[in-house]
K.L.:
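Below: one structure in structure tokens.
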Amino acid sequence: MAEREERGGEMAEREESRLGNLEHLPAAMLATILTKLDPSSICSVASTCRTLRASASQIFAFLPSFHLLDFAPTFQLLVPLLPPNPYLKSLKIDCCRLDDSAIGLLLQPSLHELYLHNAGNFSGAVLSEIGKRCHDLRSLYLGSVAEKRGRAIHISHLEELLKGCSELETLNLMFDASTFLRVCFARAWTLASEKLTSLEIGYIPAVNVTALLSPTAGPRQPQNQIQLSIWPNIQRLCLSVDYITDSMISTISSTLTSLIHLDLRDAPMIEPRVSFDLTNSGLQQINQHGKLKHLSLVRSQELLVSYFHRVNDLGILLMADRCSSMESICLGGFCRVTDTGIRAIMHSCSNLYRLKVTHGTKLTDLLFLDISATSLSLTHVTLRWCNLLTSLAIAHLASNMDLTFLDLRDCRSLGDEALAAIGTLPKLKILLLDGCDISDAGISCLRNAVSSTLVSLSVRGCRRLTDQCIVALFGNSSKVALRELDLSNLPNISDNGVLLLAQSRVPIQELRMRQCAQISDTSVMALASMQVDDSRWHGNGLQLLDLYNCCRLTALAFRWLKKPYFPRLKWLGVTGCVNRDLVDALARSRPYLHISCRGDELGNTQWDHSDNFYVLDDEEMDELEQWILNGEEESDDNDADVEMEVAEDSNDSDG
Amino acid sequence: MSEKNVASESSAKNVVLRTSDEQEFVVEERIAVQWGTIKRIFEDTFTGKPIPLPNVDGKTLAKVIEYCKKRAETEPSSAEGEKREKELKRWDLEMFLDEPDDVIFNLALAANYLDIKDLLDAACEKIADTIKDFTVEDCRAFFGIESDFTPREEEEIRAEHRWAHDLSRN
């Protein structure tokens with residue numbers, strides 16, 4: 001009661017700077033505001049008073065867009081929220097607790113855009129139902145459909161989907177398409193709308209793609225009829241395959257005449273033979289129709305440590321020659337490409353704004369030496385696992401004043417001088433420096449960026465950082481732009497650092513401190529009591545907190561994770577194995593909080609944290625560091641690799 | 001009357017608006033007639049005298065005019081369709097970035113009264129953005145309202161909307 005009076009007094013004070021009473025709020029204006037909110041905010045507003053409850057409950061029949069992705073609703077919960085709504089154009093929802101019974105609720109005929117994430121409990125029938133009910137659909141995303149055992153997608157489902165959605169422009173089939181027979185698959189695609197311009201497939205073997213697009217594929221036609229082409233108007237193609245091969249690239253490049261955006265990713269299970277791999281000749285086939293603007297070729301290390309060994313600078317040079325209109329290039333796993341190749345790209349593609357190179361183990365500071373001589377205006381740059389790059393390269397790169405995204409993770413030779421250069425970038429929004437050799441002094445160069453434009457900063461594993469880096473980052477100011485901070489794997493961050501963070505009152509929304517050995521219950525208490533912007537918020541604004549493997553946390557910390565602390569927390573990472581009962585009790589008291597206990601990365605983060613080798617044991621870490629600093633290749637047991645290196649060293653001419 | 005004659009002779013026609021706090025603003029006619037309310041007055045009862053706007057104060061009207069002028073200046077954009085929508089949206093959000101909540105709210109009220117669709121949309125978008133992550137208490141404070149639910153209703157609401165904002169007290 002006393003709290004309420006106090007609150008009343010505060011409110012009276014606030015009323016002068018706050019809004020007028022509800023009576024002055026016109027219904028039309030309220031409705032406009034409500035239609036722009038997401039469903040959970042509408043429900044929060046509905047819980048305030050009777051008038052707003054009535055307005056809010058009506059609004060669900062008029063909402064143009066319904067996006068519910070950070071919480072998986074049940075069917076019962078959805079019924080009042082998704083009434084028949086002729087204005088509903090966009091629906092995005094996490095379906096992991098829904099199944100076929102929700103089809104009637106979700107598949108509304110007015111939809112233009114439909115995203116069903118985690119649809120593992122649905123059967124393939126959902127595809128045919130979409131084809132039957134949503135004729136106006138322009139954009140469809142289907143994640144993991146029927147992946148739970150015993151529910152298969154039949155080719156007829158895909159056929160009905162493609163036949164029924166005649167306006168479809170964008171299609172993302174994020175599931176395993178390898179189970180479809182090639183001939184049936186080809187026949188199904190002939191039914192697709194001609195407006196289909198963007199296609200993504202979750203997994204498909206390379207041979208299926210090649211067979212699908214080859215002129216001899218497709219249904220048998222009488223000889224005087226023209227062969228129907230597959231995917232004739234596709235401009236954007238994203239495929240996850242088993243092996244990126246020359247024949248697949250060549251077939252794609254020759255048959256898809258409108259291709260603007262090509263994104264291929266593979267994950268070999270065994271080291272590919274030459275006929276099943278990408279070589280220089282495959283690269284030369286790219287962009288036969290001259291329209292390609294975005295290219296991404298990535299060999300992921302998911303299943304096997306493996307690279308594009310058969311591609312070197314020659315292939316890249318010949319490709320760059322034909323691809324001068326490119327705007328975005330991503331090359332992952334091209335371990336033999338040197339500065340020459342990448343520079344050829346930069347000089348040839350004058351419209352390039354995004355450059356992403358991972359595992360560029362041969363790239364040196366010469367890479368960006370003459371970048372100011374080009375007219376390039378790069379905005380997104382990723383240079384990951386490029387251990388030979390030093391601060392000098394970054395200083396040259398920083399002449400690109402338009403940079404907004406900079407990912408320099410695991411470039412272990414980067415130091416504080418690089419940060420001095422980065423601190424001058426006036427538009428930088430996202431900066432990832434995991435594993436770089438930086439210190440507190442370098443971090444202070446970022447203070448300007450943090451206060452004005454930088455929204456997301458990651459210094460995971462930058463082991464030299466101490467509590468002082470918090471002071472260096474924020475100074476005394478709480479009005480900063482930074483909302484996401486990753487301080488994981490920092491052995492020198494202690495409770496003092498977190499206290500400083502809490503005292504700074506910065507409105508942080510995502511905080512990760514995985515595997516910080518010195519963090520204890522005091523830190524959780526400090527964060528729980530953190531006040532931010534009293535006039536508007538109650539309690540802190542943290543939505544994501546990752547404390548996985550902070551071994552000093554005890555039961556006390558869990559008490560401070562319960563309500564009413566952390567009122568906005570949606571994602572929590574803790575270690576579950578030792579204190580299972582504590583985690584369960586917390587989960588019961590906060591049933592709508594995502595709790596991850598096994599070390600999974602939290603949230604909707606786009607940063608790819610796979611292929612990490614962070615270990616907790618200090619000794620092992622030092623050895624690893626030593627080994628990397630000696631400049632060796634990271635795939636240690638690969639004889640072929642060593643052989644090729646030796647061969648290269650003797651053939652290489654300095655350039 | 002003479003005012004109007006003078007106005008019609010000059011190349012830019014102007015309209016005079018008088019706000020609730022007795023301030024007068026001169027606005028170009030071509031901007032003012034884009035506002036539904038003004039347009040209706042123009043067509044029906046315009047006498048040449050300053051148009052009274054009892055629901056809008058001077059400070060807010062100044063901002064409304066500033067917004068409309070800026071919008072008019074940036075209209076010709078090279079982007080089209082959806083891209084242009086996004087650009088305009090971002091531009092709107094930037095414009096309102098540092099304004100305190102009550103200013104935005106008054107702008108929305110004014111836009112509603114004057115029937116300026118774009119401004120109403122933009123201001124409501126900003127308000128929606130502000131209350132997006134609010135808890136129920138934050139919402140009540142923002143709108144300046146008290147809960148008028150009976151304890152029974154309060155329980156119902158908690159059960160119904162618990163998923164949205166985790167109402168349980170523990």
Side-chain angles (χ1 to χ4, degrees), chain A residues 4 7-8 10-12 14-22 24-26 28-53 56 71 73-74 77 80 509 535-539 541 543 562-564 567-570 589-593, chain B residues 55 82 89 97-98 100-113 115 117 119-150 153-154 156-170:
Chain A
R4 223 157 182 211
R7 197 68 71 70
E10 273 177 358
M11 267 204 322
R14 280 192 215 132
E15 245 165 50
E16 275 150 30
S17 62
R18 272 276 160 260
L19 321 169
N21 286 329
L22 208 55
H24 295 161
L25 189 58
M29 195 173 126
L30 178 62
T32 313
I33 296 175
L34 286 176
T35 53
K36 294 180 190 303
L37 286 175
D38 57 296
S40 53
S41 301
I42 296 177
C43 290
S44 295
V45 170
S47 309
T48 50
C49 70
R50 284 204 184 134
T51 326
L52 288 184
R53 186 187 187 188
F71 169 75
T74 58
L77 211 126
Q509 285 176 354
S535 64
R536 192 184 275 183
W537 306 80
H538 300 277
Q543 295 178 9
K562 290 189 177 171
K563 300 289 277 177
R568 283 173 199 83
L569 203 62
K570 291 187 188 144
S589 73
R590 297 188 77 151
Y592 303 101
L593 175 66
Chain B
N55 285 357
E82 227 186 80
K89 213 177 177 187
L97 198 56
D98 288 319
D101 297 329
D102 57 327
V103 170
I104 305 278
F105 196 75
N106 286 330
L107 262 177
L109 284 171
N112 187 48
Y113 172 69
D115 195 7
K117 188 173 176 304
L119 178 57
L120 178 62
D121 230 32
C124 288
E125 183 81 47
K126 180 71 171 76
I127 296 175
D129 213 40
T130 306
I131 67 181
K132 204 166 36 139
D133 289 318
F134 275 13
T135 61
V136 180
E137 272 79 43
D138 295 335
C139 284
R140 288 199 179 118
F142 187 80
F143 287 111
I145 50 185
E146 295 262 353
S147 164
D148 54 354
F149 293 123
T150 66
E153 284 174 336
E154 187 89 46
E156 260 176 43
I157 306 254
R158 260 188 219 178
E160 202 178 310
H161 294 314
R162 198 177 164 202
W163 66 273
H165 46 75
D166 217 354
L167 278 172
S168 62
R169 297 208 176 283
N170 204 327

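Naming convention: chains lettered A, B, ... in sequence-line order (proteins, then strands); numbering from 1 in each chain. Predicted, not measured: the structure shown is a model, and the values here were computed from it.
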K.L.:
Keeping the roles fixed (side chain from B:R140, backbone from A:S47), state whether a donor-acceptor pair exists under 3.5 Å.
P.N.:
yes

K.L.:
Hey, does A:R50 have a side-chain heavy atom less than 4.5 Å from the side chain of B:T150?
P.N.:
yes

K.L.:
Once rounded to the nearest 0.5 Å, what's the spacing between atom CZ of B:F143 and atom CG of A:L30?
P.N.:
6.5 Å

K.L.:
Would you compute the distance between atom CE of A:M29 and atom CG of B:L109 and round it to the nearest 0.5 angstrom?
P.N.:
4.0 Å

K.L.:
What part of A:P39 lies closer than 4.5 angstrom to a heavy atom of chain B: side chain, backbone, both or neither?
P.N.:
both

K.L.:
So, are B:D121 and A:K36 salt-bridged, with charged N and O less than 4.0 Å apart?
P.N.:
yes

K.L.:
Does any backbone or side-chain atom of B:N112 lie under 4.5 Å from a heavy atom of chain A? Answer side chain, backbone, both or neither.
P.N.:
side chain

K.L.:
Decide yes or no for A:I33 and B:I131: does some side-chain heavy atom of the first lie under 4.5 Å from some side-chain heavy atom of the second?
P.N.:
yes

K.L.:
Please report the interatomic distance CD1(A:I42) to NZ(B:K132), rounded to the nearest 0.5 Å.
P.N.:
13.0 Å

K.L.:
How would you list, by chain and number, every residue that makes a side-chain contact (heavy atoms from CB on, under 4.5 Å) with B:D115, sequence neighbours excluded?
P.N.:
B:T37, B:R40

K.L.:
Could you report the tightest heavy-atom contact between B:I157 and A:A46, atom names first, then the distance?
P.N.:
CD1-O, 4.4 Å

K.L.:
Applying side-chain contact (heavy atoms from CB on, under 4.5 Å), can you list everything that pairs with A:K570, at least two apart in sequence or on another chain?
P.N.:
A:D70, A:Q543, B:D133

